[in-house]
Trainee: 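I'd like to ask you about the structure that follows.
Within every chain, numbering begins at 1; the chains are lettered A, B, ... in the order of the sequence lines, protein sequences first and strands thereafter.
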Protein chains: 2
Amino acid sequence: MPRMTTRKLKALETKKTLLETGLELFHKKGFDNVTVDEIAKKCNVSKGAFYVHFNTKYDIFNEKFKDIDNFYSTFQQGIPKNISASEKILMFYKAQMIYLRDELGKDLIRNVYMNAMSLTINKNHYLADPDRNLYKVINSFVQEGIENNEFKEELTTEEASVLITRCMRGTIYDWIIFGEEFDVVQEMTKFTSTILNGLKK
Amino acid sequence: MPRMTTRKLKALETKKTLLETGLELFHKKGFDNVTVDEIAKKCNVSKGAFYVHFNTKYDIFNEKFKDIDNFYSTFQQGIPKNISASEKILMFYKAQMIYLRDELGKDLIRNVYMNAMSLTINKNHYLADPDRNLYKVINSFVQEGIENNEFKEELTTEEASVLITRCMRGTIYDWIIFGEEFDVVQEMTKFTSTILNGLKK
DNA sequence: TAATTTAAGTGACCACAGTATTTGACTTTG
DNA sequence: CAAAGTCAAATACTGTGGTCACTTAAATTA
């Protein structure tokens, strides 16, 4: 943590205001109907200042999306010990989908998922970062499942974990491209239990 | 088929030229490095004319992408009769991934998949159109598998087909967001066989 | 064949994300 | 404390996808 000078504090304050105002406007009007100018103006700051703190308009949503890691940690503590690895994964995914749907919202997820695809991201997007908490959580469940003889050992822990998280991304992608009748919680459960079945002995 | 007047013929010729020139330039320089103006200019036509024939820049790639339906038809004819439904699906997917990778290319697929997510598509994108040949092909394989007692009947034919095509979209999404070392053919096989395992009795 | 309708094509224009350059207040250094 | 350096912020600008009002030539109708 660098020493906090007056200037740095003020900059941090600006960033925070931009972030909160951006989220609020996106929520109210939808991502595509909000301009960077509008966010800046509402913060009494220039557009240039926005780009001091964020690389793209998407970054507002990306930043918020990372909150999900906190969700993971708090969720993991409340999970029962006496259920199978599969059940843990299903519980975890179900809670996560409810969180995405009700807390973050489809508009945010759409934009995070779109942004992750864009070529102009030089480094890997957070979504594909193997150090994400998500991968650690799933990995530990899978490991447990293999140790308990619940899952077969055809695939490595890492390979199985990738497939399980791919289930999630695939379902979320479908949630975005299919119409309103798509029930992301139910579809996630259906898809993931089938994959887990395929991994079982 | 409407009667072909001189004018309609000329318009069709313009559209064809725009399409071919667009594809050529996208292939040569990458989608993001080609402007609509550039395509139009190379066809000796104004940018406005481009938008008479296409709704968005993406449409060039979308149109080409639809060629994949022809691929499906020709592929289906050469498939052996005496293998299981699962094997047919795996063969089909493998051939399709090779086609995507080597014929259409990742840049095209990225843009089709991105475009499908955008909110401004009023109707469903082609990718999510249930009348696509893809869904018919997979549906027939699944039906066969259920009739042969290869797959369990927990899920309806439609539900199982959706899951199987979701495997494909999920893998392609990962192909796009993960780095260069991602082997789309191998990953597709791994993911799909696990799902098929989960569907088997 | 003359009048009317249709639609392909034009080109100036707009909106808006992102960039390059400059400014000046704050911080660091000697 | 003064000079030098830094960096948040401002401003003007660019590039590009897409739009709109209009033109013009071909097609249709009378």
Side-chain angles (χ1 to χ4, degrees), chain A residues 1-19 21-22 25-26 29-63 107 110-112 114-115 117-122, chain B residues 1-19 21-22 25-26 29-63 107 110-112 114-115 117-122:
Chain A
M1 195 67 135
R3 206 177 106 260
M4 272 306 155
T5 60
T6 317
R7 195 154 68 153
K8 275 182 188 156
L9 271 173
K10 200 163 164 261
L12 222 66
E13 177 64 27
T14 305
K15 179 167 184 177
K16 195 179 154 219
T17 313
L18 283 168
L19 189 64
T21 308
L25 286 174
F26 290 163
K29 307 173 60 176
F31 185 83
D32 292 335
N33 303 314
V34 177
T35 68
V36 174
D37 257 321
E38 186 182 355
I39 299 170
K41 194 158 286 172
K42 204 167 178 189
C43 297
N44 299 312
V45 126
S46 74
K47 178 154 69 164
F50 181 94
Y51 285 99
V52 168
H53 297 289
F54 303 99
N55 292 318
T56 70
K57 185 182 168 188
Y58 284 105
D59 277 22
I60 295 278
F61 269 164
N62 285 336
E63 199 111 339
D107 192 46
R110 168 187 289 109
N111 284 290
V112 170
M114 279 185 80
N115 182 238
M117 298 177 92
S118 90
L119 250 189
T120 53
I121 310 291
N122 38 2
Chain B
M1 194 67 136
R3 205 176 109 259
M4 272 305 156
T5 61
T6 316
R7 193 153 68 149
K8 277 183 187 155
L9 273 172
K10 202 165 163 259
L12 221 66
E13 177 64 27
T14 304
K15 178 168 184 176
K16 196 181 154 217
T17 313
L18 283 167
L19 189 65
T21 308
L25 287 173
F26 289 164
K29 308 172 62 176
F31 185 84
D32 293 335
N33 304 314
V34 177
T35 67
V36 175
D37 256 322
E38 185 181 355
I39 299 170
K41 195 157 286 172
K42 205 168 177 187
C43 297
N44 300 311
V45 125
S46 72
K47 177 154 70 164
F50 181 95
Y51 285 97
V52 169
H53 298 290
F54 303 99
N55 291 319
T56 70
K57 184 182 169 189
Y58 285 104
D59 276 22
I60 295 278
F61 268 163
N62 285 336
E63 200 112 337
D107 193 47
R110 168 186 289 109
N111 283 290
V112 170
M114 279 185 81
N115 182 237
M117 297 178 93
S118 89
L119 251 188
T120 53
I121 310 290
N122 37 5

Trainee: With pairs defined as Watson-Crick or G-U wobble and both distances under 3.5 angstrom, please note down DNA chain C as a dot-bracket string, | for pairing with another strand.
Mentor: ||||||||||||||||||||||||||||||
Trainee: What residues, two or more places apart in sequence or in another chain, satisfy side chain to side chain donor-acceptor pair (under 3.5 Å) together with B/E38?
Mentor: B/K29
Trainee: Picking from C/dG9, D/dG18, D/dA27, which would you name as closest to the side chain of B/T56?
Mentor: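 Per side-chain heavy atoms of B/T56, the pick is D/dG18.
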Trainee: Going by the rule ring-ring contact (aromatic ring centres under 6.0 Å, His included), which residues pair with B/Y51 if we only count those two or more places apart in sequence or in a different chain?
Mentor: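 For B/Y51, no residue satisfies ring-ring contact (aromatic ring centres under 6.0 Å, His included) once neighbours in sequence are set aside.
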Trainee: Going by the rule side chain to side chain donor-acceptor pair (under 3.5 Å), which residues pair with B/T56 if we only count those two or more places apart in sequence or in a different chain?
Mentor: B/D59
Trainee: Choose from D/dG17, D/dA9, D/dA26 the nucleotide whose nearest atom is closest to any side-chain atom of A/A11.
Mentor: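 Among the listed nucleotides, the one closest to the side chain of A/A11 is D/dA9.
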Trainee: Show the distances under 3.5 angstrom between N or O atoms of the protein and N or O atoms of nucleotides 10-16 of chain D.
Mentor:
from: D/dA10; atom 1: OP2; to: A/S46; atom 2: N; distance (Å): 2.4
from: D/dA10; atom 1: OP2; to: A/S46; atom 2: OG; distance (Å): 2.9

Trainee: Expressed as a whole number of angstroms, how long is the span from A/F54:CZ to D/dA9:P?
Mentor: 11 Å
Trainee: Going by the rule salt bridge (Lys or Arg N to Asp or Glu O under 4.0 Å), which residues pair with B/K42 if we only count those two or more places apart in sequence or in a different chain?
Mentor: B/E24
Trainee: Quick one: list whatever passes side chain to side chain donor-acceptor pair (under 3.5 Å) with B/D107, sequence neighbours left out.
Mentor: none
Trainee: Under the side chain to side chain donor-acceptor pair (under 3.5 Å) test, which residues partner B/T14, sequence neighbours left out?
Mentor: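 For B/T14, no residue satisfies side chain to side chain donor-acceptor pair (under 3.5 Å) once neighbours in sequence are set aside.
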Trainee: Kindly write out the residues that satisfy side chain to side chain contact (heavy atoms under 4.5 Å, CB included) with B/A49, not counting sequence neighbours, or none if the list is empty.
Mentor: B/V45, B/S46
